[in-house]
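A short worksheet on the structure shown next.
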Amino acid sequence: QRRPGVWRYRELLPAVSGVKPVSIGEGATPLVELENIGRMLGFRRLYAKNEGQNPTGSFKDRGMTVAVTLAKAAGARALVVASTGNTAASVSAYGARAGLRRIVVVPRGKTALGKLAQSVLYGADIVEIEGSFDDALRAVMEAVGRDARLYPLNSFNPWRLEGQKTLAYEVVEALGGEPPDWVVVPVGNAGNISAIWKGFRELHRHGLIDRLPRMAGVQAEGAAPLARAWRKGLNEPLFVDKPETRATAIRIGHPVNWPKAMRAVRESNGVFTMVSDREILRAQAMLARLEGVAVEPASAASLAGLIKLVEEGVISSDETVVIVLTGHGLKDPQAMLEAGARRYVAAGVEDAVKLVTSLA
Ligand SMILES: Cc1ncc(COP(=O)(O)O)c(/C=C/C(=O)C(=O)O)c1O
């Protein structure tokens, strides 16, 4: 009986010879039924794949366990990534466990506090670049070109996507061997939607499922190169030079995986859509206050996108839908506080007793 998690599917992952997988217990995340939000939207079968329950709090751990294991087997010395924060946190943890050096390049002032704190605690060397994620990625690629000791792990690295595809396997197992009708995924660098589609397509090719889900990629309006192109029926993204969104995890203007993501949406007869920051933050509050699920803003884009696609009649509420919640709320405590709540200061015990009873 195999333990649950990414390596449960080792026959469908790249073979790792000579090294033990670098694992911190990633994968096997809950598929939570959203009963209250489902009732609100008219769904009977609405689920959330809660990737915030991974070891470093995002789906990135699925890819990192595979990519860092292979990097170690290849004798890598110094892992390097550009990141909006979650990839940095994940490579910092997995690289630490593998005993490798880690260098992360993140946008200065635009990396959520929780993610920065993780990279600091895990002990990575942190370069905060005055610029966007896209500038950070350009810097990493330039550095890698100049110094062979650097081992890049951004999501053009296929092993990252190999690990991330296991989300599809877990969803099918959790739904009793059936795929959902739709999978809704927030899209930044566009690796995750590509990886998840690959997982479903493999199950279909192996005859384990007899139909495929439709993929919906959701972007923030201020950082929506794919959604804007999709709306105009274009085959190439409308790249965004200065992406802007409060959902800083997906504040990406030049997604490296755009060809795979466009193919995933096209092949699955899916869609790209985009939502405003207001819709994202509203969805974040709904998940917390109706379902008890805390996610960072970028994660909530999947719920915001679902709501929009239902309103537009693209997704119907009698379909089975899985929204992917990609990162835990604690990643961005500032955003959590911005949601606002009634907060009182009690001078002491007696004052607290009065306040508590007045609030009952
Ligand atoms: C919470 C959260 N939700 C969605 C995405 C988008 O996934 P991709 O479309 O595969 O990029 C990210 C991506 C983060 C980074 O790209 C990074 O960490 O550098 C994320 O952290």
The test is salt bridge (charged side-chain N to carboxylate O under 4.0 Å, His left out); show your working for Glu170 and Arg8 and say whether it passes.
CA-CA 10 Å; Glu170 289 178 7; Arg8 172 185 170 81; over 6 Å; no
Residues Leu208, Val172; criterion side-chain contact (heavy atoms from CB on, under 4.5 Å); working and verdict:
CA-CA 9 Å; Leu208 295 167; Val172 167; over 6 Å; no
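With a 4.5 Å cut-off on side-chain heavy atoms, Ile307 and Arg282 count as touching. Considering only heavy atoms from C-beta on, Trp197 comes within 4.5 Å of Ser268 through its side chain. Two residues are said to be in side-chain contact when any heavy atoms from C-beta on lie closer than 4.5 Å; Arg343 and Leu337 meet this criterion. Under the 4.5 Å side-chain criterion, counting only non-hydrogen atoms from C-beta, Val32 is not in contact with Glu291. Using a 4.5 Å heavy-atom cutoff, the side chains of Pro243 and Phe133 are not in contact. Counting only heavy atoms from C-beta outward, the side chains of Val6 and Ser23 never approach each other to under 4.5 Å. You'll find the side chain of Val16 reaches within 4.5 Å of the side chain of Leu70, heavy atoms only. Counting heavy atoms from C-beta on, the side chains of Thr84 and Thr248 never come closer than 4.5 Å.
Ser90 places no side-chain N or O within 3.5 Å of a backbone atom of Asn86 that could act as its donor or acceptor partner. Glu319 contributes no side-chain N or O that, together with a main-chain N or O of Trp182, makes up a donor-acceptor pair within less than 3.5 Å. Panel note: side chain Thr69, backbone Val22; a donor-acceptor pair is recorded below 3.5 Å. Side chain of Asn50 to backbone of Pro30: no donor-acceptor contact under 3.5 angstrom is found.
Judged by distance alone, the side chains of Lys242 and Ser132 never bring a donor and an acceptor atom under 3.5 Å apart. A donor-acceptor pair shorter than 3.5 Å cannot be found between the side chains of Asn257 and Ser194.
Hydrophobic clustering (side-chain heavy atoms under 4.5 Å, transitive across Ile, Leu, Val, Met, Phe, Trp, Tyr) keeps Val256 apart from Phe59.
The two residues Ser302 and Val184 have their closest heavy-atom pair at O-CG1, 3.4 Å. Minimum heavy-atom separation, Ala301 to Val218: O-CG1, 3.2 Å. The two residues Ala174 and Leu31 make their nearest non-hydrogen contact at CB-CD2, 3.8 Å.
With respect to Glu202 and Lys165, a salt bridge is recorded, a charged nitrogen being found less than 4.0 Å from a carboxylate O. For Glu142 and Arg138, the salt-bridge test fails: no basic side-chain N is under 4.0 Å from an acidic carboxylate O. In summary, Arg2 and Glu11 engage in a salt bridge, as defined by a charged side-chain N under 4.0 Å from a carboxylate O. A salt bridge does not link Arg45 with Glu178: every distance from a Lys NZ or Arg NE/NH1/NH2 to an Asp or Glu carboxylate oxygen is 4.0 Å or more. A salt bridge is absent between Arg62 and Glu26; no separation between the charged side-chain nitrogens and carboxylate oxygens falls under 4.0 Å.
Taking CD from Gln219 and CD1 from Ile252, the interatomic distance works out to 9.0 Å, rounded to the nearest 0.5 Å. Rounding to the nearest 0.5 angstrom, the gap separating the CG atom in Asp147 from the CZ atom in Arg77 is 9.5 Å.
Using the six-membered ring where Trp is involved, Phe239 and His254 have ring planes that are parallel, under 30° apart on the 30 and 60° scheme.
Residue Arg10 places its CZ atom among more than 12 non-hydrogen atoms of other residues, nucleotides or ligands, all under 6.0 Å distant. For Arg201, the CZ atom counts as densely surrounded, since its 6.0 Å shell holds more than 12 non-hydrogen atoms of other residues, nucleotides or ligands.
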